[in-house]
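Computed from a predicted structure; not experimentally measured. Residues take their numbers from the sequence shown, with the count starting at 1.
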Amino acid sequence: QVQPVESGGGLVQAGGSLRLSCAASGRTFNSYTMGWFRQAPGKEREFVAGITWSLNTDYTDSVKGRFTISRDKAENTVYLQMNSLKPEDTAVYYCAIDFTRPLRVSRSRNDYGYWGQGTQVTVSS
């Protein structure tokens, strides 16, 4: 019933910034966690950041201090502000929704039932 749709990816030089957005189309429940994952070629999809309904957040260590996740509940939209980008941030970024765990952010892919199509982020040196 819910389809996340990402946007905002692109090509940026190292040190630059991008702002990703993810809008959940269709009917949504009020209480859910939204997260961002990324996948580089040849690697598994990894957790980047997440935010709960109560606005608790979690970030993987490699992006702490550089990325900020936020959400607009009224518009069912989550954002990922990415600053000080590094070449190793290059990946396809996916938005995902976890309806089962609204109070705490999970870093496990298995806890997220709905996934977007992904948006490419490329950081050049």
side-chain hydrogen bond (donor to acceptor under 3.5 Å, both in side chains) with Arg45: which residues, sequence neighbours excluded? Gln39
Can you sort out the partners of Lys43 under salt bridge (charged side-chain N to carboxylate O under 4.0 Å, His left out), two or more places apart, ordered by chain and number? none
Other than Leu11, what residues sit in its cluster of Ile, Leu, Val, Met, Phe, Trp and Tyr side chains whose heavy atoms are under 4.5 Å apart, directly or through others? none
With sequence neighbours left out, write down each residue that passes side-chain hydrogen bond (donor to acceptor under 3.5 Å, both in side chains) with Ser70, or none if nothing qualifies. none
Pairs in or reaching into residues 70-96: which pass ring-ring contact (aromatic ring centres under 6.0 Å, His included), with residues at least two apart or in two chains? none
For Asp58, what residues pass the salt bridge (charged side-chain N to carboxylate O under 4.0 Å, His left out) criterion, not counting sequence neighbours? Arg107
Disulfide (SG to SG under 2.5 Å) contacts touching residues 54-86 (sequence neighbours left out): none
Sequence neighbours left out, what passes side-chain hydrogen bond (donor to acceptor under 3.5 Å, both in side chains) with Tyr112? Give chain and number order. none
Who passes side-chain hydrogen bond (donor to acceptor under 3.5 Å, both in side chains) against Thr60, sequence neighbours left out? none
Once salt bridge (charged side-chain N to carboxylate O under 4.0 Å, His left out) is applied, do any residues pair with Arg104, and if so which ones, sequence neighbours excluded? none
Filter on salt bridge (charged side-chain N to carboxylate O under 4.0 Å, His left out), then keep only pairs touching residues 109-125, sequence neighbours left out; what's left? Glu44-Arg109, Arg101-Asp111
Side-chain donor-acceptor pairs of residues 12-21 under 3.5 Å, sequence neighbours excluded:
from	atom 1	to	atom 2	distance (Å)
Ser17	OG	Asn83	OD1	2.8
Ser21	OG	Ser7	OG	2.8

